[in-house]
*Asks:* 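There's a structure below that I have some questions on.
Because the structure is a prediction, the values reported are computed rather than measured. Just so we're on the same page: letters track the sequence lines, and every chain starts at 1.
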Number of protein chains: 2
Amino acid sequence: MRSRKPIYEQLVDKMKELIMHEVLKPDEQLPSVRTLATQLTINPNTIQKAYRELEIQGFIYSIKGKGSFVSLNNQTKDIEKIASVMKELEKLILEALYLGIQAGEMIDLIHALDSGKKGGDSND
Amino acid sequence: MRSRKPIYEQLVDKMKELIMHEVLKPDEQLPSVRTLATQLTINPNTIQKAYRELEIQGFIYSIKGKGSFVSLNNQTKDIEKIASVMKELEKLILEALYLGIQAGEMIDLIHALDSGKKGGDSND
DNA sequence: TAAGTGTACTATCATTCGTAATACAGTTAT
DNA sequence: ATAACTGTATTACGAATGATAGTACACTTA
């Protein structure tokens, strides 16, 4: 029974969160494919698929024989990805407004996340 | 070759956009399952699946024997859905900030979409 | 009654997800 | 060179999902 979202995708989301929240620091080495597979009791191939996706999205980089590491990216130049995220954002904001969510509420959310990113980790 | 997103989901997204942009007005009748299936050259079951999803999400309502119609919703009370959208929004905003997108840019986007919703359709 | 509507069900096929086993390639330490 | 670790690639299989297809039922309207 898949919880409607593939395991490898869940893993990608989780890792992205950890990286963006700086729980995983730049250049920090990630658990190896086989190690993590053992820890999570899932197949190494599933981990590898997640890692590959994370690498494509620019969140990690892998070196054969050495391991996988968190990217240094803080300011990406990937124009395609930025455009894609902005488009998603527009869709979601429109839906939120349609649902009756106030613009101010969303703006507050942005400010909270933005200051939390600059000022440091005060809360979670 | 599926463009990585199911047809019925693409259809749901498309209809949601049309409804939110008020191209499809409240209480307006939608094409019947079979009619739309013929027009789009896809299976009636696929249309029905999309319509069912749209009904679950509160965008349309269907009456057996009569047809499917656009909901009047402008201010939903569906707390679960609002919470879900807010959570998605938070994830996406965080990723946008991580990519280097400025908070002000997102706020501008919100204002643009919000005024476009209240003031009427000046542009598209 | 007839023709339109939504809805439900079963069957079939292709694709994807996840697992499994195996192999290859590169790094590091011995 | 060897051993033990890393990432990567390939193939195979079973289960779940997406989409098609056909059929049937229930309701509304003329």
Side-chain angles (χ1 to χ4, degrees), chain A residues 1-19 24-73 84, chain B residues 1-19 24-73 84:
Chain A
M1 188 193 324
R2 266 178 288 167
S3 55
R4 94 182 162 288
K5 196 160 203 172
I7 294 177
Y8 81 94
E9 254 186 64
Q10 295 177 38
L11 193 54
V12 167
D13 287 347
K14 202 73 183 176
M15 301 289 284
K16 277 168 67 174
E17 278 181 36
L18 293 177
I19 292 173
L24 296 174
K25 317 274 186 185
D27 279 331
E28 180 174 341
Q29 181 164 11
L30 300 175
S32 79
V33 168
R34 293 172 181 79
T35 300
L36 191 53
T38 304
Q39 285 179 3
L40 302 183
T41 335
I42 54 186
N43 197 280
N45 288 327
T46 305
I47 307 289
Q48 208 271 328
K49 191 168 187 179
Y51 276 18
R52 190 195 311 152
E53 178 63 24
L54 283 167
E55 188 166 22
I56 290 174
Q57 292 192 28
F59 287 89
I60 71 172
Y61 62 94
S62 299
I63 301 176
K64 204 184 291 184
K66 299 196 70 172
S68 299
F69 308 85
V70 177
S71 293
L72 312 98
N73 298 11
S84 160
Chain B
M1 185 193 324
R2 265 179 291 166
S3 54
R4 96 183 160 287
K5 195 161 204 172
I7 293 178
Y8 82 93
E9 255 185 63
Q10 295 178 38
L11 194 53
V12 167
D13 286 348
K14 203 71 182 177
M15 300 289 284
K16 278 167 67 173
E17 277 181 35
L18 293 178
I19 292 173
L24 296 174
K25 317 274 185 185
D27 279 331
E28 181 174 340
Q29 181 164 10
L30 301 175
S32 79
V33 168
R34 294 172 181 79
T35 300
L36 192 53
T38 303
Q39 285 179 3
L40 303 182
T41 334
I42 56 186
N43 197 280
N45 288 325
T46 306
I47 307 289
Q48 209 272 327
K49 192 168 185 176
Y51 275 18
R52 191 195 310 152
E53 178 62 25
L54 283 168
E55 187 166 22
I56 289 174
Q57 292 191 29
F59 287 89
I60 70 172
Y61 61 94
S62 299
I63 302 177
K64 204 183 291 183
K66 298 195 69 172
S68 299
F69 307 85
V70 177
S71 293
L72 312 97
N73 297 11
S84 159

*Asks:* I'd like to check the ring-ring contact (aromatic ring centres under 6.0 Å, His included) partners of A:Phe59; sequence neighbours left out, ordered by chain and number.
*Replies:* B:Tyr98
*Asks:* Considering only distance and modelled atom types, tabulate donor-acceptor pairs under 3.5 Å from the side chains of residues 26-33 of chain B, sequence neighbours left out.
*Replies:*
from    : atom 1 : to      : atom 2 : distance (Å)
B:Asp27 : OD1    : B:Tyr61 : OH     : 2.5
B:Glu28 : OE1    : B:Lys25 : N      : 2.9
B:Gln29 : NE2    : B:Lys66 : O      : 3.2
B:Ser32 : OG     : B:Thr35 : N      : 3.0
B:Ser32 : OG     : B:Thr35 : OG1    : 2.7

*Asks:* In residues 25-43 of chain B, what residues come within less than 4.0 Å of DNA chain D, judged by heavy atoms?
*Replies:* B:Arg34, B:Ile42, B:Asn43
*Asks:* Which whole-number value in Å describes the distance from B:Ile7 CD1 to C:dC13 C1'?
*Replies:* 14 Å
*Asks:* Which residues pass the side chain to side chain contact (heavy atoms under 4.5 Å, CB included) test with B:Asn43, sequence neighbours left out?
*Replies:* B:Asn45, B:Thr46
*Asks:* Using every non-hydrogen atom in the two residues, find where B:Gly58 and B:Ser71 come nearest and quote the distance to one decimal.
*Replies:*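 What the structure gives for the nearest pair is O-OG, 3.2 Å.
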*Asks:* Please name the pair of heavy atoms, one in B:Ser68 and one in B:Ser62, separated by the smallest distance, quoted to 0.1 Å.
*Replies:* OG-OG, 2.9 Å
*Asks:* When you measure from every atom of DNA chain C, which of residues 44-62 of chain A have a heavy atom less than 4.0 Å away?
*Replies:* A:Asn45, A:Thr46, A:Lys49
*Asks:* CD of A:Gln10 versus P of C:dG18: gap in Å, rounded?
*Replies:*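 To the nearest whole Å, that distance equals 8 Å.
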*Asks:* Grab the N/O contacts between the protein and nucleotides 27-30 of chain C below 3.5 Å, and write none if there aren't any.
*Replies:*
from   : atom 1 : to      : atom 2 : distance (Å)
C:dT28 : OP1    : A:Lys66 : NZ     : 3.3

*Asks:* Kindly give the heavy-atom pair with the smallest separation between A:Lys5 and A:Gln10, and that separation in Å.
*Replies:* O-NE2, 2.7 Å
*Asks:* Return no unless some side-chain N or O of A:Tyr8 is found under 4.0 Å from OP1 or OP2 of C:dC17.
*Replies:* yes
*Asks:* Expressed as a whole number of angstroms, how long is the span from A:Lys5:NZ to D:dT17:C1'?
*Replies:*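 The distance from NZ of A:Lys5 to C1' of D:dT17 comes to 16 Å, rounded to the nearest Å.
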*Asks:* Can you confirm whether A:Tyr8 sits close enough to A:Arg52 that some side-chain heavy atom of one is under 4.5 Å from a side-chain heavy atom of the other?
*Replies:*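 Counting from C-beta outward, A:Tyr8 and A:Arg52 never come under 4.5 Å.
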